[in-house]
Amino acid sequence: MRTAFSLRKILMCALWIAFQHAAFAHTGPPFPILKDQPVGPAIVTVWANPDVGGGPFFVMLDPRDGKPVPADMKVRIGIQPVSGRLPEKVYDAPREVLAGQVQYKVVLPFDREERWHIHVLLSSATGGSGEAATDVDVTPTGYGRWDLMLYSLPFLAIGALWFKAVSNRRKDRKVSRPPS
């Protein structure tokens, strides 16, 4: 009996670890989608976590050719499904200054899980302009199709425990009755 219990524990730990890896793939931190790309007067790096519903995009600008990034730099990000089912929508990314790093952040709305074209536009009246583009896969929030199964597990476990308790109680009643 003790071996079966230990085997069950090991199996449950292995399943937990296996699903843990898949879970972090969808709900983790932003990841680089464009890295060290020379665009106009700056070197652009874009980090994103594109999820259905809304995904944050962080655009970091580093100086290019020893010149500082112009203070009036405006960053806009255009998004469009690769399938072309929607026209491109362009969103302004407000500027943030964090520990000397120039960063622009915007949360972009995605309505469907599919591949999207991302278009980064830089413009400055004093320092020039430029653009870069890439494609990203938009993922569902949470665990995707596994959400229902994952969230129903606690209820199924409670139901199984209740069923086991009722079965044990019935078994105890049958054993404790004197023969007639």
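Hydrogens, waters and symmetry mates play no part in the numbers below; they use all other heavy atoms, side chains included.
- Linking Ile, Leu, Val, Met, Phe, Trp and Tyr whenever their side-chain heavy atoms come within less than 4.5 Å puts Y91 and V39 in one cluster.
- Listed here is the closest heavy atom pair of P94 and K105: CD-O, 3.0 Å.
- Two different hydrophobic clusters hold I43 and L61 under the rule that ILVMFWY side chains link at heavy-atom gaps under 4.5 Å.
- Transitive grouping of hydrophobic side chains (ILVMFWY, heavy atoms separated by less than 4.5 Å) brings I79 and I33 into a common cluster.
- Annotation: F163, atom CZ; neighbour count of heavy atoms from other residues, nucleotides and ligands within 6.0 Å does not exceed 12.
- When Q80, R76, E131 are each tested for a side chain to side chain donor-acceptor pair (under 3.5 Å) with H119, only one passes: E131.
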Side-chain atoms of residues 153-161: list all donor-acceptor pairs with protein atoms under 3.5 Å, sequence neighbours left out, distances to 0.1 Å.
none

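- For the residue pair G40 and R64, the shortest heavy atom distance occurs at O-NH1, 2.8 Å.
- T126 approaches P70 most closely through the heavy-atom pair OG1-CB, 3.8 Å.
- Contact of the F57 side chain with the P50 side chain is registered, since non-hydrogen atoms from C-beta on lie closer than 4.5 Å.
- Using a 4.5 Å cut-off on side-chain heavy atoms (C-beta onward), P41 and M73 make contact.
- The OG1 atom of T45 lies 9.0 Å from the CD atom of Q37; values are rounded to the nearest 0.5 Å.
- Counting only heavy atoms from C-beta outward, the side chains of V90 and L121 approach each other to under 4.5 Å.
- Considering D137, D135, L86, L108 as possible partners of W116, the one that fulfils the side chain to side chain contact (heavy atoms under 4.5 Å, CB included) test is L86.
- Within the 4.5 Å cutoff, the side chain of V106 has no heavy atoms near those of the D92 side chain.
- Counting non-hydrogen atoms of neighbouring residues, nucleotides and ligands closer than 6.0 angstrom, the CZ atom of R85 exceeds 12 such neighbours.
- Shown here for D72 and S124, the closest heavy-atom pair between the two residues is OD1-OG, 2.5 Å.
- Residues L98 and V107 fall into different hydrophobic clusters, defined by Ile, Leu, Val, Met, Phe, Trp and Tyr side chains chained together at heavy-atom separations under 4.5 Å.
- Other residues sharing a hydrophobic cluster with F58 under the 4.5 Å side-chain heavy-atom criterion for ILVMFWY residues are W47, M60.
- Annotation: salt bridge (Lys or Arg N to Asp or Glu O under 4.0 Å) contacts of R112 (sequence neighbours excluded): none.
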